[in-house]
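A short worksheet on the structure shown next.
When a residue number appears, it is its place in the shown sequence, counting from 1. Side chains included, hydrogens not; waters and symmetry mates left out as well; all remaining heavy atoms used.
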Amino acid sequence: MSSSSSMIAITPLLPVIVVLLAALGGAVAWLGRLGHGRAVVTACLRAALQLGVVSVVIAWVVAYSAAVAGFILLMYGVAAFTAGRRVTAGGPGWWWAGLPIAAGTAPCWRPWRAAA
């Protein structure tokens, strides 16, 4: 059985495709007279940059097992803070957002299962 990777090949063509897709999204918004063409392009390029940075950070974290727990806790905290801030308009309700986020991961957490 051969080993395959589900990773996207990072070639000089990838940034070209990302820019073309962002431009296409902006063009659709402009042609549709939605009034958000520039915002669509900006959001697309910002999202691509953010995903690239997060990918590099995750690749580094998984190389160091001690960093994995810290990274998971950091991501949990960011998710709870962001969700709570959006739901309560910046109020103290972000503490309550952490509960459903943790509950969503509970089915995946099985400490009684022996390691394979």
Side-chain angles (χ1 to χ4, degrees):
M1 183 181 287
S2 66
S3 169
S4 66
S5 174
S6 63
M7 301 286 283
I8 295 174
I10 307 297
T11 67
L13 187 59
L14 182 63
V16 172
I17 292 171
V18 168
V19 169
L20 287 175
L21 288 172
L24 179 63
V28 167
W30 180 71
L31 289 171
R33 297 184 181 167
L34 301 175
H36 301 290
R38 178 180 234 156
V40 168
V41 172
T42 303
C44 288
L45 296 177
R46 186 180 69 199
L49 179 65
Q50 287 175 342
L51 288 172
V53 170
V54 169
S55 297
V56 169
V57 170
I58 290 173
W60 175 82
V61 165
V62 297
Y64 301 97
S65 59
V68 172
F71 185 73
I72 290 171
L73 288 173
L74 173 69
M75 293 304 291
Y76 172 75
V78 168
F81 181 76
T82 303
R85 189 183 61 198
R86 288 180 180 169
V87 170
T88 62
W94 68 270
W95 285 96
W96 287 104
L99 185 60
I101 292 171
T105 63
C108 300
W109 186 64
R110 294 179 275 175
W112 58 86
R113 192 174 97 179

Show the atom names and distances, to 0.1 Å, of all donor-acceptor pairs under 3.5 Å that link a side chain in residues 37-45 to residues at least two apart or in another chain.
residue: T42; atom: OG1; partner: R38; partner atom: O; Å: 2.9

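Considering all non-hydrogen atoms of both residues, P100 and A97 come closest at CD-O, 3.3 Å. Between Y76 and G98, the shortest heavy-atom contact is OH-O, 2.7 Å.
A single hydrophobic cluster is seen to contain both M75 and V61, as judged by linkage of ILVMFWY side chains at heavy-atom distances under 4.5 Å, directly or through other members. If you chain together hydrophobic residues whose side chains sit under 4.5 Å apart, L24 and V19 never meet in one group. Hydrophobic clustering keeps L21 apart from W30 (ILVMFWY residues linked when any side-chain heavy atoms are closer than 4.5 Å, directly or through intermediates). No single ILVMFWY cluster, assembled from side-chain heavy atoms under 4.5 Å apart, contains both L51 and V57.
Under the side-chain contact (heavy atoms from CB on, under 4.5 Å) criterion, A80 pairs with I101, not counting sequence neighbours. Taking V62 as the reference, I58 meet the side-chain contact (heavy atoms from CB on, under 4.5 Å) condition, with sequence neighbours excluded. Residues satisfying the side-chain contact (heavy atoms from CB on, under 4.5 Å) criterion with L31, sequence neighbours excluded, are absent altogether. Under the ring-ring contact (aromatic ring centres under 6.0 Å, His included) criterion, F71 pairs with no residue at all, not counting sequence neighbours.
Residue pairs meeting the ring pair (Phe, Tyr, Trp, His ring centres under 6.0 Å) criterion with at least one partner in residues 38-61, sequence neighbours excluded, are W60-Y64.
If you take CG on L13 and CG on L20, they are separated by 8.5 Å, rounding to the nearest 0.5 Å.
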